[in-house]
Amino acid sequence: MPVLSIDAESDTGIPVSLCDELPLKTMEELEHTCPHPRSTIIAPAPFAEETTYECKAPHEKLTIAQARIGTPVDRPVRVYADGIFDLFHSGHARALMQAKNLFPNSYLLVGVCSDELTHKYKGFTVMNETERYEALRHCRYVDEIITDAPWTLTPEFLEKHKIDFVAHDDIPYSSAGSDDVYKHIKEAGMFVPTQRTEGISTSDIITRIVRDYDVYARRNLQRGYTAKELNVSFINEKKYRFQNQVDKMKEKVKNVEEKSKEFVYKVEEKSHDLIQKWEEKSREFIGNFLELFGPDGAWKQMFQERSGRMLQETRDSPTGSPIRECSPSRSPSPTLPWMHNKSSPPSSPKGASASISSMSEGDEDEK
């Protein structure tokens, strides 16, 4: 029977002389088969139960300093972050972004607690567990989702998922009878703090809704939800619907006011244009009038020229007309008596006949 030499060992700790004798499957199990971070985001992050890998290679314990310089090189650093993530908002996303970027090569696992645990230790949620799982799956920073995550992390859970570090804000989280549920993680050197986003939280969002409950109830009634679905009483329903009608009327009045202001503005603008054009035409008319009838206008020059011509014609004409003499062959025409009298001629036929009779008597005397 041949004797095997075991004085030399390979990098895996197995004697070199036995490497050729071991099955190929044994050698592959010693290599890291951990999934790598998602290189694309064309699909949602998988659930932990969907990953079929079982990495048999031992996960050596890392320090934060080692992880930050890129150690180890043959696998990513597995970072775990957990929470309720109700009404998933920008504060949640920012915390996950920080956890994802803690180390050069990080694989981010996100644990989401179930409805049962959450209602027991924290209170009722707006979104159920399925909705919260799906919200996290579609966050770009998440590589894997762990459903029904434990409220307090156990060594068995950390070992099962090969977790290197846990990321969470540094404020002590008192719950489940503990002053800080992450105390043992911090003592083990596996805790990496992240920063909270001020001004946004699930509690703040719920507070806004509760504070403005009437506004949102009216909003949903207006959008077609029934009073029963909103858990609103009959009286409140009528009150909200009346308020909606009042708001609609106010909106109409506001629109009319805006349109009226716009109309008045257009009228003022048009009036300004008309006044400006009228002023221009008025100036033009006055200028034309002064040019024609002013002190030095064309009408005065024309009048002066015409007056000059008339004066010239008067100077050029004779001073008196020659007296025409009566021809001797022609006797002077008889003169009526009333023509020598300065009185007016007879105004009636009787007066005219009397004058003619007196003229006949005179002629007879002359004969």
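All values derive from a computational prediction rather than experimental measurement.
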Greater than 12 external heavy atoms within 6.0 Å of [X]'s [atom1]:
X	atom1	result
Phe242	CZ	no
Asp273	CG	yes
Lys261	NZ	no
Glu116	CD	no
Gln195	CD	no
Ile235	CD1	no
Asn288	CG	yes
Glu159	CD	no

Short question: side chain of [X], backbone of [Y] - any donor-acceptor pair under 3.5 Å?
X	Y	result
Ser178	Ser174	no
Glu131	Asn128	yes
Glu279	Gln276	no
Arg132	Cys113	yes

Lys/Arg-Asp/Glu bridge criterion (N-O < 4.0 Å) met for [X], [Y]:
X	Y	result
Arg196	Asp170	no
Asp86	Lys122	no
Glu262	Lys266	yes
Arg241	Glu237	yes

Answer with yes or no whether the hydrophobic clustering places [X] together with [Y]; edges join I, L, V, M, F, W, Y residues whose side-chain heavy atoms lie under 4.5 Å apart.
X	Y	value
Phe165	Ile145	yes
Tyr240	Val215	no
Val79	Phe157	no
Phe47	Leu109	no
Leu108	Ile84	no

### Task
Please check if the distance between the ring centroids of Tyr80 and Tyr107 is under 6.0 Å.
no
### Query
Phe85 and Tyr133: aromatic ring centres closer than 6.0 Å?
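Not close enough - the centres of the two rings lie 6.0 Å or further apart.
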Might you point out which heavy atoms bring [X] and [Y] nearest each other, and give the distance in Å?
X	Y	value
Gly70	Pro104	N-CG, 4.1 Å
Ala167	Thr194	CB-CG2, 4.2 Å
Thr202	His89	N-NE2, 3.3 Å
Pro35	Arg78	CD-NH1, 4.0 Å
Arg94	Thr197	CD-OG1, 3.1 Å
Arg38	Ala45	NH1-N, 3.4 Å

Distance in Å, [X] [atom1] paired with [Y] [atom2], rounded so as to fall on 0.5 Å steps:
X	Y	atom1	atom2	result
Lys250	Gln243	NZ	CD	9.0 Å
Arg219	Asp214	CZ	CG	14.5 Å
Lys228	Leu230	NZ	CG	12.5 Å
His168	Gln98	NE2	CD	11.5 Å
Leu221	Glu229	CG	CD	10.0 Å

Just wondering, do [Y] and [X] contact through their side chains at under 4.5 Å, heavy atoms?
X	Y	result
Thr125	Asp115	yes
Pro155	Leu158	no
Thr147	Ser114	no
Phe88	Leu96	yes
Glu144	Glu50	no
Tyr265	Glu269	yes

### Query
In terms of the angle between their ring planes, are Tyr173 and Trp151 parallel, tilted or perpendicular, with boundaries placed at 30° and 60°?
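Judged by the thresholds at 30° and 60°, the geometry between Tyr173 and Trp151 is tilted.
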### Query
Step by step, would you call Ile146 with His161 a side-chain contact (heavy atoms from CB on, under 4.5 Å)?
CA-CA 9 Å; Ile146 301 176; His161 294 282; 3.7 Å; yes
### Query
Would Leu153 and Ile185 count as a side-chain contact (heavy atoms from CB on, under 4.5 Å) if you check the C-alpha gap in whole Å, the side-chain angles of each, and the deciding distance to 0.1 Å?
CA-CA 8 Å; Leu153 301 179; Ile185 303 296; 4.3 Å; yes
### Query
Are Lys100 and Tyr141 in a cation-pi setup, meaning NZ or CZ lies under 6.0 angstrom from the ring centre and within 45 degrees of the ring axis?
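Output no; distance or angle outside limits.
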### Query
Can you list the steps and then say if Ile64 with Phe103 is a side-chain contact (heavy atoms from CB on, under 4.5 Å)?
CA-CA 9 Å; Ile64 295 176; Phe103 308 110; 4.1 Å; yes
### Query
Are a donor atom and an acceptor atom from the side chains of Asp169 and Tyr182 found within less than 3.5 Å of each other?
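No pair is found: no donor N or O on one side chain lies under 3.5 Å from an acceptor on the other.
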### Query
Taking atom types as modelled and ignoring hydrogens, do the side chains of Asp204 and Thr207 form a donor-acceptor contact shorter than 3.5 angstrom?
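Their side chains do not contain a donor-acceptor pair, so the 3.5 Å distance test is not met.
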### Task
Could you check Glu134 against Arg137 for salt bridge (charged side-chain N to carboxylate O under 4.0 Å, His left out), going step by step and ending with a plain yes or no?
CA-CA 5 Å; Glu134 288 298 321; Arg137 287 187 70 195; 3.4 Å; yes
#### Entry: Derivation and outcome, side-chain contact (heavy atoms from CB on, under 4.5 Å), residues Asp82 and Val110
CA-CA 5 Å; Asp82 60 357; Val110 178; over 6 Å; no
### Query
Between Asn236 and Ser233, is a side-chain hydrogen bond (donor to acceptor under 3.5 Å, both in side chains) present by the stated rule, with each step listed?
CA-CA 5 Å; Asn236 285 337; Ser233 67; 3.2 Å; yes
### Query
For Asp164, what residues pass the salt bridge (charged side-chain N to carboxylate O under 4.0 Å, His left out) criterion, not counting sequence neighbours?
Arg75
### Message
Other members of the hydrophobic cluster containing Val126, with the 4.5 Å side-chain heavy-atom rule, please.
### Response
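Taking Ile, Leu, Val, Met, Phe, Trp and Tyr as members, Val126 shares its hydrophobic cluster with Leu87, Met127, Ile200, Ile205, Ile206, Ile209, Val210, Tyr216.
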